[in-house]
Amino acid sequence: MTGQTEARKIIVGVTGGIAAYKSPELVRRLRDSGAEVRVVMTTGAKAFISPLTLQAVSGHRVHEHLLDADAEAGMGHIELARWADDLIIAPATAHVLARLATGMADDLLATLALATEARIWLAPAMNRAMWQSRQVSDNCRRLEELGMYLLGPGDGGQACGETGLGRMLEPDELVAEVMTGSASLAGRYFIITAGPTHEPLDPVRFLGNRSSGRMGFALAQALVEAGARVDLVTGPVNLATPAGVRRTDVQTADQMLTAVFESISGADGFIGVAAVSDYRPSEAAADKIKKTGESLTLQLEPNPDILASVAKSEKRPSLVMGFAAETRNLEAAARGKLKTKKLDLIAANLVGNGLAFDRPDNALEVFSEQHHWRLERQSKMALARRLTAIIAEQLSSERKTA
Ligand code: C5P
């Protein structure tokens with residue numbers, strides 16, 4: 001990622017939609033705002049706009065081919081992938097959204113999107129009925145889960161003569177989102193807990209829960225994208241570590257508590273997303289517990305409350321946030337926990353009956369002492385980005401009132 005003095009390096013991907021006539025204006029405005037820009041076009045894009053136009057406005061030869069020895073000898077797809085801080089696909093047709101959602105690598109743009117670690121922004125542009133289709137909606141949800149950002153689309157008159165959602169956002173709106181929509185947490189340090197804990201009963205069995213860890217991992221990724229440093233302490237999950245996140249793996253609540261307190265000094269925020277087991281077996285048997293045919297009683301004892309311990313510790317970060325999974329009375333329960341655990345923010349959701357746990361999407365209600373935000377059902381990645389904006393706002397208001 002670029003420092004403040006280095007120009008942001010942006011690849012604009014142009015695909016074959018009528019809104020491609022706005023792409024040169026987008027390139028020009030990105031350059032006006034200080035970015036260095038390269039352009040990649042698909043074959044379809046060339047039916048709408050000439051590479052020469054985009055070469056003129058970007059100041060560089062346009063990249064068009066994956067399997068062109070000359071082009072690859074210059075700046076091939078891997079060099080382009082490494083060069084970029086951001087890849088903006090504008091317009092993004094239904095076709096390119098489908099190709100990216102399935103991981104196709106059938107042309108230069110799709111291969112680049114697979115190979116790059118840059119932020120990927122998508123500005124969909126299509127007929128309103130296409131935009132509303134199940135296929136496009138499902139692809140967009142998948143793309144957000146994969147960590148890509150959707151920009152729009154906007155509402156209004158369309159090239160096909162219809163009116164509705166599906167217009168590509170205007171170049172100045174795209175530039176505003178891309179140039180200012182990140183890095184609001186630069187210099188901040190967060191610790192996040194995620195996933196379940198496994199409390200051993202014997203060498204092969206444990207007490208656990210259905211948490212997948214997805215929400216905590218998505219939040220870690222969103223905070224890093226916003227410029228923060230993140231330590232993620234996670235219970236057993238089957239998830240890849242987001243780029244730039246430092247991960248510590250633990251099994252039990254006790255180990256999670258220790259790992260959290262090892263890193264807490266200097267943290268600006270602690271976010272307890274983990275579904276920590278409230279109880280653990282008083283004793284873990286040294287050998288596998290044998291079946292006897294008799295009923296078996298397990299003696300449990302309470303685990304430490306990691307979140308409450310952080311909130312009352314001398315090393316308390318200025319922002320402490322919890323999550324609450326409830327089966328009823330959401331607001332009362334969430335506000336109760338906000339108070340008793342001495343939190344600044346709590347994100348609450350209803351669970352049970354297939355809601356929230358082990359699913360890619362969720363809906364959340366977030367409470368602070370003074371505010372209440374309702375975040376409707378969306379992918380956990382999209383939710384994580386909304387939460388990141390709330391967290392940034394909360395931290396900056398603390399700074400103002402400090
Ligand atoms: O009280 P409850 O378990 O519903 O609180 C949930 C919140 O507290 C979550 O943020 C969870 O990560 C945190 N928690 C914790 N340690 C525990 C139990 C819950 O950090 N032992």
Side-chain angles (χ1 to χ4, degrees), residues 190-200 206-220 223 230-237 239 247-264 267 269-282 300-313 315-317 319-352 355-358 362 364-368 373 375 380 383-384 387-388 390-391 394:
F190 290 86
I191 300 170
I192 302 182
T193 63
T197 61
H198 285 183
E199 311 292 336
F206 57 83
L207 203 60
N209 60 64
R210 293 184 195 281
S211 168
S212 66
R214 285 199 191 106
M215 189 68 236
F217 275 59
L219 194 54
L223 289 171
V230 176
D231 270 5
L232 178 63
V233 181
T234 180
V237 295
L239 294 173
R247 167 174 174 170
T248 307
D249 286 280
V250 298
Q251 299 279 327
T252 67
D254 251 347
Q255 292 166 355
M256 192 173 268
L257 181 79
T258 306
V260 164
F261 275 89
E262 268 167 15
S263 331
I264 200 85
F270 173 80
I271 308 172
V273 196
V276 182
S277 177
D278 290 328
Y279 292 92
R280 62 169 171 243
S282 302
L300 303 178
E301 62 183 39
N303 262 330
D305 188 315
I306 302 167
L307 183 61
S309 312
V310 169
K312 65 173 196 250
S313 115
K315 296 178 178 167
R316 186 191 199 282
L319 182 120
V320 177
M321 176 175 186
F323 276 67
E326 306 293 341
T327 46
R328 62 170 79 190
N329 297 342
L330 191 69
E331 176 155 5
R335 288 202 181 278
K337 280 179 194 172
L338 190 71
K339 227 177 161 141
T340 52
K341 297 201 190 204
K342 300 191 189 328
L343 311 178
D344 304 290
L345 284 174
I346 189 152
N349 61 293
L350 288 172
V351 290
L355 292 168
F357 270 27
D358 212 7
N362 196 7
L364 285 175
E365 307 225 2
V366 185
F367 302 89
S368 69
W373 297 264
L375 311 184
K380 287 184 176 171
L383 271 179
L387 290 175
T388 297
I390 294 172
I391 290 164
Q394 189 79 7

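Counting convention: from 1, in listed order, for ligands and their atoms alike. In this text, all values refer to a predicted model and were calculated from it rather than measured experimentally.
Counting all heavy atoms, side chain and backbone alike, L300 lies closest to S282 at C-OG, 3.6 Å. Residues A194 and L232 approach most closely at CB-CD1, 3.9 Å, considering heavy atoms. Minimum interatomic distance between W373 and I390 (heavy atoms only, all atoms of both residues): CG-CD1, 3.6 Å. The heavy-atom pair separating V351 from N349 by the smallest distance is CG1-ND2, 3.5 Å.
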Carefully, step by step, assess T252 and R280 under the rule side-chain contact (heavy atoms from CB on, under 4.5 Å). CA-CA 9 Å; T252 67; R280 62 169 171 243; over 6 Å; no
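Protein heavy atom closest to atom 14 (N) of ligand 1, with residue, atom name and distance, is D305 OD1, 3.9 Å. Shortest contact from atom 16 (N) of ligand 1 to any protein heavy atom: I306 N, 3.0 Å. Taking atom 9 (C) of ligand 1 as the reference point, the nearest protein heavy-atom neighbour is F323 O, 3.0 Å.
Residue contacts with ligand 1: N303 is placed with no nitrogen or oxygen under 3.5 Å of a nitrogen or oxygen of the ligand (distance criterion only). The distance criterion of under 3.5 Å between nitrogen or oxygen atoms is met by L307 with respect to ligand 1. Of the polar atoms of V276, none of the N or O atoms is found under 3.5 Å from an N or O of ligand 1, judged by distance alone.
Taking all heavy atoms of E326, M256, K337 into account, the minimum distance to atom 4 (O) of ligand 1 is reached by K337. Selection from A274, A334, G322 by nearest heavy atom to atom 11 (C) of ligand 1 gives A274.
Not a single heavy atom of P302 sits less than 4.0 Å from an atom of ligand 1. Contact between A324 and ligand 1 is absent, with no heavy atom of the residue lying under 4.0 Å from the ligand. Residue K341 places a heavy atom less than 4.0 Å from ligand 1.
Near P304, with a cut-off below 4.0 Å to any heavy atom, the atoms of ligand 1 are 16 (N), 17 (C), 21 (N). Shown in contact with D278 at under 4.0 Å from a heavy atom are these atoms of ligand 1, numbered in order with element: 3 (O), 18 (C).
Without hydrogens or angle criteria, E199 side chain to P281 main chain gives no donor-acceptor distance under 3.5 Å. At distances below 3.5 Å, at least one donor-acceptor pair connects side-chain atoms of R335 with backbone N or O atoms of S368. Counting only distance, with no hydrogens or angles, the side chain of N209 and the backbone of A275 share a donor-acceptor pair below 3.5 Å.
At a cut-off of 3.5 Å, with distance as the only test, no side-chain donor of D344 or Q394 sits close to an acceptor on the other residue.
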